[in-house]
Amino acid sequence: MPELPEVEAARRRIERGALNRTIEAVTYGDDITHMDLPDRAALDRFTGTQFSTATRHGKFIFAGTQGGPWMMIHLGMAGSIRVMDADEVDADYIRLTVAFEGGTRLTFRDPRKFGEIVVVEDVEDYVAERGLGPDALTIGDNAFADVIGGTRGAVKSALLAQSKLAGVGNLWADESLYRAGILPDARACDLEAGRIGQLHGVVGDTLKAVVDTDAVYSKLPADWLIHRRDEGADCGICDGAIAKTKVGGRTSYFCPDHQTGA
DNA sequence: TTTACTGTTAGGAC
DNA sequence: TGTCCTAACAGTAA
């Protein structure tokens, strides 16, 4: 269930458990038909090397070797990453395994097969190639105002556009708008400058708070939307009730009472 | 059995 | 030319 905070949590697991270990083999799991994965030769470049760093841009993870290629991992709609000890048993739907000397292994699990792995020479070039906007955790006030405030369509669609702002997905876009008091289908360019600035603050705070819990939703504050994504549920902020709609084709939950469009 | 889904992107509409 | 929207991808789970 990966958006920026979940991806960041995965990156940290790699950082904690998979760096500076010699790679023995990279192997495919069962049933990788229809998946976007590197060919054998590209994967074999990692054998005998070590990951020395793990970085992230938006929802993309990059595990890098010293002076060599990077392994880009995108979790898609349902992917996850675990670093396993030798005695732990694989779950179902493992699509790729990086085995390290000593038995530790990094597993990429992806039931829905929407994930992707690419062997990358240069992270900055790759981010530019994919057309990703600035990362949602580090974008500055002015850039956020330009990129989101200048959009004529729905503000939620702007937050979701990875080419404008990388990392925000459906859940945390809804959460940020709920906490900022802005309707998801408000036209971004109709919002006052002050509200765009405020939204920037709330998006950052929201993502950071989720990152701080390692993306464990039960640890998030009780008044958040994440605990009440249900039509008719009580709003955690006012006396209203949660409503459901579609914005840009994506299911959206919001409170029609305290969220407004100007 | 039917329906919805937390991401991305190609293609078409405006 | 650019911006925006929809449908499709593949598989699971409610």
Side-chain angles (χ1 to χ4, degrees), chain A residues 1-11 28-37 56-61 72-81 91-96 108-118 120 126-133 135-136 146-179 184-190 203 206-207 209-211 213-218 220 224-231 242-254:
Chain A
M1 313 171 239
E3 300 181 36
L4 186 149
E6 293 81 1
V7 173
E8 174 63 17
R11 187 198 68 79
Y28 295 122
D30 291 337
D31 185 16
I32 54 166
T33 51
H34 305 291
M35 289 195 72
D36 231 328
L37 298 172
R56 179 192 59 73
H57 187 103
K59 301 168 189 170
F60 294 70
I61 298 172
M72 189 292 289
I73 305 176
H74 192 291
L75 301 176
M77 205 79 143
S80 58
I81 283 176
D92 291 336
Y93 313 117
I94 300 295
R95 309 302 182 188
L96 190 100
F108 171 52
R109 175 176 188 268
D110 186 14
R112 267 179 94 179
K113 298 182 172 180
F114 281 9
E116 188 184 350
I117 292 180
V118 177
V120 169
Y126 184 76
V127 165
E129 232 171 79
R130 294 290 293 237
L132 297 177
D135 186 81
D146 281 354
V147 121
I148 303 298
T151 309
R152 292 197 297 273
V155 61
K156 176 172 173 180
S157 301
L159 291 176
L160 291 179
Q162 302 299 299
S163 55
K164 297 182 195 294
L165 184 68
V168 178
N170 200 36
L171 289 188
W172 306 123
D174 276 1
E175 188 73 52
S176 300
L177 292 165
Y178 163 88
R179 300 215 295 136
D185 61 353
R187 274 164 60 96
C189 59
D190 288 348
V203 168
T206 301
L207 295 174
V210 185
V211 167
T213 68
D214 250 354
V216 177
Y217 299 171
S218 58
L220 292 167
W224 278 31
L225 180 65
I226 190 72
H227 305 302
R228 57 194 82 239
R229 292 178 67 85
D230 253 323
E231 219 167 357
I242 299 302
K244 176 182 175 178
T245 185
K246 291 243 184 207
V247 177
R250 312 304 304 275
T251 301
S252 305
Y253 292 94
F254 68 103

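Numbers restart at 1 for each chain; the letters A, B, ... are given by sequence-line order, proteins then strands.
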Problem set entry | Spacing of A:Leu4 atom CG relative to B:dT6 atom C1', expressed in whole Å | 13 Å

Problem set entry | d(CH2, A:Trp172; P, B:dC5) in whole Å | 16 Å

Might you list the N or O atoms of the protein lying below 3.5 Å from N or O atoms in nucleotides 10-14 of chain C, with each pair's distance?
residue : atom : partner  : partner atom : Å
C:dA10  : OP1  : A:His34  : ND1          : 3.1
C:dA10  : N6   : A:Arg112 : NH2          : 3.4
C:dA10  : N1   : A:Arg112 : NE           : 2.7
C:dA10  : N1   : A:Arg112 : NH2          : 2.1
C:dA10  : N3   : A:Arg112 : NE           : 3.2
C:dG11  : OP1  : A:Lys113 : NZ           : 2.5
C:dG11  : N2   : A:Arg112 : NE           : 3.2
C:dT12  : OP1  : A:Tyr93  : OH           : 2.8

Problem set entry | B:dT9 versus C:dT12 - spacing of their P atoms, nearest Å | 23 Å

Exercise. Between A:Thr245 and A:Phe254, is any pair of side-chain heavy atoms under 4.5 Å apart?
Worked result: yes

For this session: To the nearest Å, give me how far apart CG (A:Asp185) and P (C:dC5) are.
Result: 11 Å

For this session: Give the rounded distance in Å between these two atoms: CE of A:Met77 and C1' of B:dC5.
Result: 5 Å

Problem set entry | Heavy-atom check, side chain of A:Lys113 versus side chain of A:Asp36, under 4.5 Å | no

For this session: Measure the shortest side-chain to side-chain distance between A:Glu8 and A:Val210 over non-hydrogen atoms and say whether it is less than 4.5 angstrom.
Result: no

Problem set entry | Base-pair map of DNA chain C as dot-bracket, where | denotes pairing with a different strand and pairs are Watson-Crick or G-U under 3.5 Å | .||||||||.||||

Exercise. Any donor-acceptor pair under 3.5 Å linking the side chain of A:Arg187 with the backbone of A:Thr151?
Worked result: no

For this session: List the steps and the verdict of side chain to side chain contact (heavy atoms under 4.5 Å, CB included) for A:Tyr28 and A:Leu96.
Result: CA-CA 4 Å; A:Tyr28 295 122; A:Leu96 190 100; 3.7 Å; yes

For this session: Take atom CZ of A:Arg229 and atom C1' of B:dC5, then tell me their distance rounded to the nearest Å.
Result: 11 Å

For this session: Among A:Arg229, A:Arg250, A:Lys244, A:Arg228, find the residue that satisfies the salt bridge (charged side-chain N to carboxylate O under 4.0 Å, His left out) test when tested with A:Asp174.
Result: A:Arg229

Problem set entry | Nearest-angstrom distance from the residue atom CG of A:Leu171 to P of B:dT6 | 6 Å

For this session: Could you state the atom-to-atom distance from NZ of A:Lys246 to C1' of B:dT3 in whole Å?
Result: 10 Å

For this session: State, with a plain yes or no, whether a side-chain heavy atom of A:Asp110 is found less than 4.5 Å away from one of A:Met35.
Result: yes

Problem set entry | A:Asp31 side chain reached by A:Tyr93 side chain, heavy atoms, under 4.5 Å | no

Problem set entry | Atom-pair distance (NZ on A:Lys164; C1' on C:dC4), nearest Å | 9 Å

Exercise. So does A:Thr251 get a side-chain nitrogen or oxygen closer than 4.0 Å to the phosphate oxygens (OP1/OP2) of B:dA4?
Worked result: no

Exercise. Between A:Pro2 and A:Gly79, what is the shortest heavy-atom contact and its length?
Worked result: CG-O, 3.9 Å

For this session: For residues A:Glu231 and A:Ile242, determine if any side-chain heavy atom of one lies less than 4.5 Å from a side-chain heavy atom of the other.
Result: no

Exercise. Looking at the rings of A:Trp224 and A:Tyr253, which for Trp means the six-membered one, are their centres under 6.0 Å apart?
Worked result: no

For this session: Please examine the side chains of A:Ser157 and A:Val247, heavy atoms only from C-beta on, and report whether any two atoms are closer than 4.5 Å.
Result: yes

Output a table of nitrogen or oxygen pairs between the protein and nucleotides 8-10 of chain B separated by less than 3.5 Å.
residue : atom : partner  : partner atom : Å
B:dT8   : OP1  : A:His74  : NE2          : 2.7
B:dT8   : OP2  : A:Lys59  : NZ           : 2.9
B:dT9   : OP1  : A:Arg130 : NE           : 3.4
B:dT9   : OP1  : A:Arg130 : NH2          : 2.8

Seminar exercise, completed: Testing C:dC5, C:dC4, B:dC5 for proximity to the side chain of A:Ser157, the answer is C:dC5

Exercise. Taking atom C1' in both B:dT8 and C:dA13, what distance in whole Å separates the two?
Worked result: 22 Å

